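One structure below.
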Amino acid sequence: MKILVADDDNTSRLLLAATLRRLGHEVFEAKDGQEALDEWEVNGQQLLIIDWIMPVLSGLEVCRKIRAHTPKQRCHVTLLTVRAGTADQLEAREAGVDDFIVKPFEKEQIAAHVQLAARSIGLHKTSNMQTS
């Protein structure tokens, strides 16, 4: 699967990208929100794992722009965050976020979240094929 990882923290981004590559995924990286949005517009990754708090555009701003950009193109947005409160999660859901990974994360968590995203993307493709 094509996955975009966006995080301004180099260590977190590199660790996450390396974990995903070991799982067999094609990984693209971005250092800020605008770079993430530009990368997604060019390559249309199916899964985006984006940090909530980043320079230029936050993870929520990236998600809102993607959802407004092309609602028919489905991608799964997972927010990487230290914010785990209910109000934060509601705000993120309203922006179109599909899933959350709370920092600090464990490598095993990443595999589980990617499996969830793949299942969601697969279900969305199946429902689109049935309605076409």
Side-chain angles (χ1 to χ4, degrees):
M1 179 184 328
K2 290 169 112 180
I3 302 174
L4 173 60
V5 173
D7 195 331
D8 60 315
D9 178 61
N10 289 334
T11 303
S12 290
R13 189 182 65 256
L14 294 172
L15 177 63
L16 183 54
T19 299
L20 293 166
R21 285 185 180 107
R22 277 194 300 276
L23 292 170
H25 301 285
E26 183 179 1
V27 180
F28 301 78
E29 297 179 43
K31 296 176 191 134
D32 64 50
Q34 185 61 55
E35 194 175 300
L37 185 60
D38 294 344
E39 174 61 40
W40 179 81
E41 287 175 343
V42 170
N43 290 303
Q45 292 86 355
Q46 299 164 297
L47 171 58
L48 288 76
I49 302 176
I50 53 179
D51 189 27
W52 186 319
I53 301 169
M54 290 188 293
V56 187
L57 294 173
S58 72
L60 288 189
E61 291 170 315
V62 172
C63 187
R64 284 185 188 108
K65 287 181 180 288
I66 286 171
R67 297 299 186 221
H69 184 280
T70 172
K72 292 183 181 181
Q73 181 176 353
R74 179 70 179 140
C75 65
H76 190 92
V77 178
T78 297
L79 202 60
L80 190 60
T81 183
V82 294
R83 302 169 110 178
T86 302
D88 293 325
Q89 288 193 11
L90 289 173
E91 179 184 5
R93 295 280 184 208
E94 288 173 5
V97 170
D98 297 298
D99 192 16
F100 299 89
I101 297 174
V102 177
K103 288 182 179 182
F105 56 84
E106 295 181 21
K107 294 175 187 176
E108 296 78 17
Q109 282 180 290
I110 301 305
H113 285 274
V114 170
Q115 286 177 338
L116 173 68
R119 189 176 313 128
S120 174
I121 292 165
L123 289 171
H124 185 74
K125 283 182 184 177
T126 301
S127 69
N128 280 347
M129 292 170 68
Q130 291 174 355
T131 59
S132 297

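The model shown is predicted, which means the values in this text are computed figures rather than measured ones.
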For residues I3 and L48, determine if any side-chain heavy atom of one lies less than 4.5 Å from a side-chain heavy atom of the other.
-> no

In terms of heavy-atom contacts, R93 and D98 come closest through NH1-O, 2.5 Å

Which salt bridge (charged side-chain N to carboxylate O under 4.0 Å, His left out) pairs, counting each pair once, include a residue from residues 31-41, with sequence neighbours left out?
-> none

Please answer whether the main-chain N or O of L15 pairs with a side-chain N or O of T19 as donor and acceptor at a distance below 3.5 Å.
-> yes

Side chains of K65 and L57: does their closest heavy-atom pair fall under 4.5 Å?
-> yes

State, to 0.1 Å, how close C63 and V97 come at their nearest heavy-atom pair, and which atoms those are.
-> SG-N, 3.6 Å

Ionic contact status for K103 with D51, cut-off 4.0 Å = yes

At their closest point, which heavy atom of S12 faces which heavy atom of D7, and how far apart are they?
-> CB-OD2, 3.4 Å

The side-chain contact (heavy atoms from CB on, under 4.5 Å) partners of L116 (sequence neighbours excluded) come to D99, R119

pair L47-H113: side-chain heavy atoms closer than 4.5 Å = no

Side chain of R64, backbone of A95: donor and acceptor closer than 3.5 Å?
-> no

Closest non-hydrogen atom pair, K2 against Q45 = O-CB, 3.7 Å

Side chain to side chain, V5 and V27, heavy atoms closer than 4.5 Å | yes

